[in-house]
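One structure is given here, and the rest of the page talks about it.
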Amino acid sequence: MKNNDDICDLLERLSTLFRNEVRQAGLVHGLHPVHLEVLFYLNKCNKFSDTPAAVKDFLGATKGTTSKSITLLETKGYVVKKQDTKDKRVYHLSLTEAGRQIAADNMPPMSLRAALTRCSDSETSPLKQQLESLLVDIQTATSSLSFGLCKTCRFHLAKNNTAFFCELTGEDLPSQYGELICREHTLKSLCE
Ligand code: SF4
């Protein structure tokens with residue numbers, strides 16, 4: 001029988017190094033890793049996914065933990081909460097310039113960015129495919145939301161160079177939205 005312990009050990013070491021670097025980066029700003037994850041998420045999510053409930057789902061944390069993290073980030077001036085103009089029960093979160101800067105500077109960690117930059121396209125391309133496949137497999141097995149890039153969603157219909165149509169929400173959206181992550185993202189491979 002195939003033994004995959006070596007691969008599991010490598011992934012474990014990588015994730016530990018990743019977490020350690022994020023923790024160190026957060027300490028400078030008085031933040032825990034979970035706070036940086038919230039900043040990272042809000043820096044990358046689209047307008048359908050910027051609610052406290054979506055943050056909770058992304059983190060896989062409890063409502064209480066998520067709420068405390070958001071409150072701390074608001075207090076520190078990194079996150080702003082605004083009530084929805086149509087549904088008063090819903091709040092949207094956005095980053096201040098300071099919050100956006102912390103997210104952009106620290107996630108992903110510098111060492112990972114540098115290591116990937118040193119790889120050639122012929123090295124990163126198969127790595128990306130294999131990691132995507134592993135991720136999809138685990139998300140399916142654990143019934144987790146994919147939170148994938150919009151441009152890879154089954155509802156993303158390209159129209160032209162500047163816009164696409166979202167079949168789920170029925171909205172025309174600017175093509176830059178394709179690079180954002182979405183709570184409603186649905187993997188093509190699971191539906192086709
Ligand atoms: S196409 Fe998919 S990922 Fe993009 S906005 Fe619509 S539901 Fe979200």
Side-chain angles (χ1 to χ4, degrees), residues 15 18 22 34-63 65-67 69-70 73-74 78-97 99-100 102-104 106-108 112-113 116 124-192:
S15 67
F18 188 108
V22 170
V34 66
H35 304 138
L36 282 179
E37 280 185 60
V38 175
L39 296 182
F40 167 74
Y41 174 74
L42 292 175
N43 197 31
K44 291 279 288 180
C45 75
N46 68 10
K47 64 176 185 173
F48 307 119
S49 317
D50 61 359
T51 62
V55 173
K56 175 183 87 60
D57 289 342
F58 179 78
L59 295 177
T62 63
K63 199 172 167 187
T65 302
T66 306
S67 175
S69 296
I70 291 169
L73 291 167
E74 278 185 277
Y78 299 143
V79 166
V80 175
K81 192 190 280 181
K82 278 198 192 132
Q83 202 169 31
D84 189 272
T85 49
K86 292 183 185 136
D87 187 344
K88 302 293 179 201
R89 294 166 304 173
V90 176
Y91 284 85
H92 298 278
L93 304 167
S94 60
L95 296 183
T96 61
E97 193 44 49
R100 196 168 298 284
I102 292 174
N106 298 298
M107 292 286 268
L112 178 59
R113 282 187 234 196
L116 289 173
T124 52
S125 182
L127 177 65
K128 180 168 174 269
Q129 276 179 6
Q130 284 161 4
L131 288 174
E132 274 174 354
S133 162
L134 197 59
L135 178 65
V136 169
D137 202 312
I138 293 172
Q139 284 174 333
T140 305
T142 57
S143 303
S144 304
L145 293 175
S146 60
F147 281 101
L149 282 189
C150 176
K151 66 183 178 187
T152 67
C153 175
R154 69 164 295 207
F155 299 117
H156 185 286
L157 279 190
K159 288 180 73 177
N160 51 47
N161 285 342
T162 57
F164 69 93
F165 180 68
C166 169
E167 282 186 308
L168 185 73
T169 62
E171 283 188 47
D172 285 325
L173 296 164
S175 52
Q176 307 92 283
Y177 269 50
E179 301 300 327
L180 301 177
I181 53 180
C182 179
R183 189 191 193 197
E184 308 298 338
H185 180 270
T186 307
L187 287 162
K188 286 179 185 168
S189 55
L190 291 181
C191 305
E192 290 163 2

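Counting convention: from 1, in listed order, for ligands and their atoms alike. Because only heavy atoms are used, hydrogens play no part in the values below, and waters and symmetry mates are left out as well, while side chains stay in. The structure presented is a predicted model; accordingly, all values stated were derived computationally and were not measured.
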Which of the numbered atoms in ligand 1 are under 4.0 angstrom from any heavy atom belonging to [X]?
X	result
Phe48	5 (S)
Asn46	5 (S)
His156	1 (S)
Leu168	7 (S)

Protein heavy atom at shortest distance from atom 2 (Fe) of ligand 1: Cys153 SG, 2.4 Å

CA sep, side-chain torsions, deciding dist, call: Thr96, Val79, side chain to side chain contact (heavy atoms under 4.5 Å, CB included): CA-CA 6 Å; Thr96 61; Val79 166; over 6 Å; no

Nearest heavy atoms of Lys88 and Gln83, plus distance in Å: O-NE2, 2.8 Å

Residue selection (non-hydrogen contact nearest atom 4 (Fe) of ligand 1) among Cys150, Cys182, Cys166, Ser146: Cys150

Sub-4.5 Å side-chain heavy-atom contact between Phe58 and Cys45: no

Charged tip of Lys159 within 45° of Phe164 ring normal and under 6.0 Å: no

Whether Phe147 and Tyr41 hold their rings parallel, tilted or perpendicular, with breakpoints at 30° and 60°: perpendicular

